[in-house]
Amino acid sequence: MLGPVLLAASRSDRMRKIVAAAPVTKPVVNRFVAGEQLDDAVGAVQDLDARGMEVTLDFLGEDITDPSEALRTRDNYLRLAEALKDAGLGPRAEMSVKLSAFGQALTGGHDIALANIRPVVEAAAAANTTVTLDMEDHTTVDSTLAILEELRREHPQTGAVVQSYLFRTEEDCHQLATSGSRVRLVKGAYKEPATVAFQDKREVDRAYVRCLKILMAGEGYPMIGSHDPRMIAITQEMARRFGRKLDEYEFQMLYGIRESEQERLVAEGHRMRVYVPYGTDWYGYFMRRLAERPANLAFFLRSLVSRG
Ligand code: FDA
C-alpha cells in the first residue's frame, strides 16, 4: 500500500525538501546513485567494465519547468559524451535520457526536447556509443516514440523503453520489433490510472512475458530491464526457443540492485548492462526505488531509527 504514496511523494516539492534535508538520507542514496560528479560516473563505468559489465549512464534530473534547465541537461550530457570519448569508454557505456529533463513538458515541449536531444545523440555517435530514451508517465509515450522515430532516421541505434504495465505496450512492441531496433522492456515505475495500465502485479508480469515474446521473436535487439528472477529465467528459455545467441539480447539492472545476480549472469556469458545514475538531482529516482520494494524502504527507515 505504501508504493502509491511514495510514488505520489516522488513528485512533491514539499517531500523533496524534507527527505533531502534528513541527515541519514545521503548514505542510503549512495547505494543507488554512483555520485554527484561526472568523474564519479566515469569511475563507476571503469569499475563495472573491469567486472565484465556494460553501462548506461543517467545524468539525474526530470520534470524541469524552465528552458534554461533543459539546456543545462543537454550540456551535461554533451560533457558526458566527451568524457566517454576521451576515456575510450564509448563501446562500453551508452547514455539513458529522460526527455522531461530536455524540456518535453514545457509549452511546445515536443519540439524543444527534440532540438535539445539531437546534439546529444550526435555526440554519442561521435563517441562510438548511443542513447536510449527512458520512458516516463503515460502522457509522454506518444511524444517520446515520435522523437525516437525522428532520431532513428539518422541514428538507428537510438534505443527505446517500453513499460509492460501499459495496455498499449504489446502493440508498441510489435511496431518496435524491427531490424536494428534496440528496445528495453521494463515493468514500469510510475503511478498510472486504471484506464491505461494494469494495477495488479500479476497482470503486469503476464504482460511482461507477452511483450518479451514479441521482442524475442522479432528482429530487433531486446534489452531485458528487470531484477525479477522469473523474467530472467523466462528470457533465457525464450532465447533458446527463438535461437538467439548470447550477443543477440542483453540483461539490464539498476546500479546497486541484485549485484550478485549481475555477476552470476556475466559469469554465464550473458551481456549485462548496469543503469548508473549520477548527479545531484536524485530525489525522484530515489523515491521510485523505495516505492518498488519494501526492503529498500525498510533499509532507509532502519537507518533513520539507528541514527535517532
Ligand atoms: P519487481 O520490482 O517486479 O520485483 C520482482 C522480483 O524481483 C521480486 O519479487 C524479487 O524476487 C526480485 N527483486 C526485485 N528487486 C530486488 C532487490 N532489490 N533485491 C532482491 N530481489 C529483487 N521504469 C520506467 O518506468 N521507465 C524506464 O525508462 C525505466 N528504466 C529502467 C532501466 C533499467 C535498466 C531497469 C532495471 C529498470 C528500469 N525501470 C524503468 C524500472 C522498472 O520499470 C521497474 O520499476 C523496476 O525494474 C522494478 O521491477 P523489476 O522487474 O525489476 O522487478
Side-chain angles (χ1 to χ4, degrees), residues 2-4 6-7 10-11 28 31-32 34 48 53-58 60-63 93-101 104 131-141 144-145 148 158-166 168-169 172 182-192 196-209 211-212 222-235 249-265 271-277 284-300:
L2 261 173
L6 289 167
L7 286 180
S10 76
R11 290 193 143 166
V28 186
R31 203 186 126 185
F32 301 107
L48 289 160
M53 296 178 208
E54 291 166 79
V55 173
T56 184
L57 286 157
D58 167 29
L60 288 163
E62 53 199 281
D63 292 338
E94 55 145 68
M95 303 187 282
S96 283
V97 302
K98 286 191 173 44
L99 289 178
S100 71
Q104 192 180 35
V131 169
T132 294
L133 307 183
D134 280 359
M135 196 57 86
E136 300 179 70
D137 74 72
H138 77 277
T139 62
T140 66
V141 178
T144 299
L145 292 180
L148 174 82
T158 309
V161 178
V162 289
Q163 302 151 315
S164 74
Y165 64 13
L166 294 184
R168 61 173 287 166
T169 296
D172 287 336
R182 297 169 59 257
V183 185
R184 178 195 304 153
L185 175 63
V186 300
K187 291 184 187 176
Y190 295 80
K191 185 176 180 329
E192 297 290 11
V196 299
F198 298 110
Q199 306 292 308
D200 182 311
K201 199 175 157 13
R202 283 163 307 182
E203 288 285 343
V204 177
D205 287 358
R206 279 197 279 270
Y208 194 99
V209 176
C211 292
L212 186 59
M223 306 187 282
I224 292 69
S226 179
H227 312 97
D228 188 338
R230 283 181 55 234
M231 300 308 145
I232 291 162
I234 293 170
T235 302
Y249 62 100
E250 70 183 38
F251 291 108
Q252 298 191 346
M253 292 190 196
L254 302 177
Y255 181 78
I257 299 189
R258 298 207 74 204
E259 287 170 325
S260 54
E261 177 67 358
Q262 296 174 11
E263 278 164 8
R264 184 186 73 83
L265 289 167
R271 290 188 77 174
M272 175 76 233
R273 190 180 299 277
V274 181
Y275 184 106
V276 176
Y285 180 87
F286 175 66
M287 293 300 274
R288 284 195 297 279
R289 301 294 80 80
L290 293 189
E292 242 150 48
R293 193 166 160 78
N296 291 344
L297 179 63
F299 179 69
F300 181 51

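Both counts, for ligands and for their atoms, begin at 1 and track the order of listing.
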Any Q163 side-chain heavy atom under 4.5 Å of H138 side chain:
no

Should D205 and M231 count as side-chain neighbours, where that means a heavy-atom distance under 4.5 Å?
yes

Is the NZ or CZ atom of R289 positioned over Y285's six-membered ring, under 6.0 angstrom from the centre and within 45° of the axis?
yes

Test salt bridge (charged side-chain N to carboxylate O under 4.0 Å, His left out) applied to E250 and R273, step by step:
CA-CA 7 Å; E250 70 183 38; R273 190 180 299 277; 2.7 Å; yes

I need the nearest protein heavy-atom contact for [atom]: residue, atom name and distance, please.
atom: atom 41 (C) of ligand 1; result: R289 NH2, 3.9 Å
atom: atom 21 (N) of ligand 1; result: R258 CD, 3.3 Å
atom: atom 27 (C) of ligand 1; result: M135 O, 3.6 Å
atom: atom 7 (O) of ligand 1; result: D228 CA, 3.2 Å
atom: atom 33 (C) of ligand 1; result: L254 CD2, 3.5 Å
atom: atom 50 (P) of ligand 1; result: S226 OG, 3.7 Å
atom: atom 11 (O) of ligand 1; result: P229 CD, 3.6 Å

Closest approach of [X] to [Y] (non-hydrogen atoms, all atoms of both residues):
X: M95; Y: T56; result: C-OG1, 3.5 Å
X: T235; Y: L212; result: OG1-CD2, 3.4 Å
X: L99; Y: E136; result: N-OE2, 3.1 Å
X: V131; Y: R182; result: O-NH1, 4.0 Å

Given [options], identify the one with the heavy atom nearest to [atom].
atom: atom 16 (C) of ligand 1; options: K98, R293, Q252; answer: R293
atom: atom 3 (O) of ligand 1; options: K187, R230, H227; answer: K187
atom: atom 29 (C) of ligand 1; options: V186, I232, I224; answer: V186

Should you measure from each heavy atom of [X], which atoms of ligand 1 turn up under 4.0 Å away?
X: I257; answer: 17 (C), 18 (N)
X: E292; answer: 44 (C), 45 (O), 46 (C), 48 (C)
X: G188; answer: 25 (O), 42 (C), 43 (O), 45 (O)
X: Y190; answer: 25 (O)
X: D134; answer: 28 (O)
X: Q163; answer: 24 (C), 25 (O), 26 (N)

Between R184 and ligand 1, find which residue part has any heavy-atom pair under 4.0 Å and reply side chain, backbone, both or neither.
side chain

Residue portion contacting ligand 1 (non-hydrogen atoms closer than 4.0 Å) for K201:
side chain

What is the distance from atom CG of D228 to atom CD of E261, rounded to the nearest 0.5 Å?
10.0 Å

To the nearest 0.5 Å, what is the distance between OH on Y255 and CG on D58?
13.5 Å

Only one of E94, Q252, R184 forms a side-chain hydrogen bond (donor to acceptor under 3.5 Å, both in side chains) with T132, so which one is it?
E94

Check whether any protein heavy atom sits under 4.0 Å from atom 47 (O) of ligand 1.
yes

M231 heavy atom under 4.0 Å from ligand 1:
no

With respect to Y275, determine whether any N or O atom, backbone or side chain, lies less than 3.5 Å from an N or O atom of ligand 1.
no

Using distance alone, determine whether G225 and ligand 1 share an N or O pair under 3.5 Å.
no

Determine whether more than 12 heavy atoms belonging to other residues, nucleotides or ligands lie under 6.0 Å from atom CZ of R168.
yes

Closer than 3.5 angstrom, by distance alone: can the side chain of R288 be matched with the main-chain N or O of A189 as a donor-acceptor pair?
no

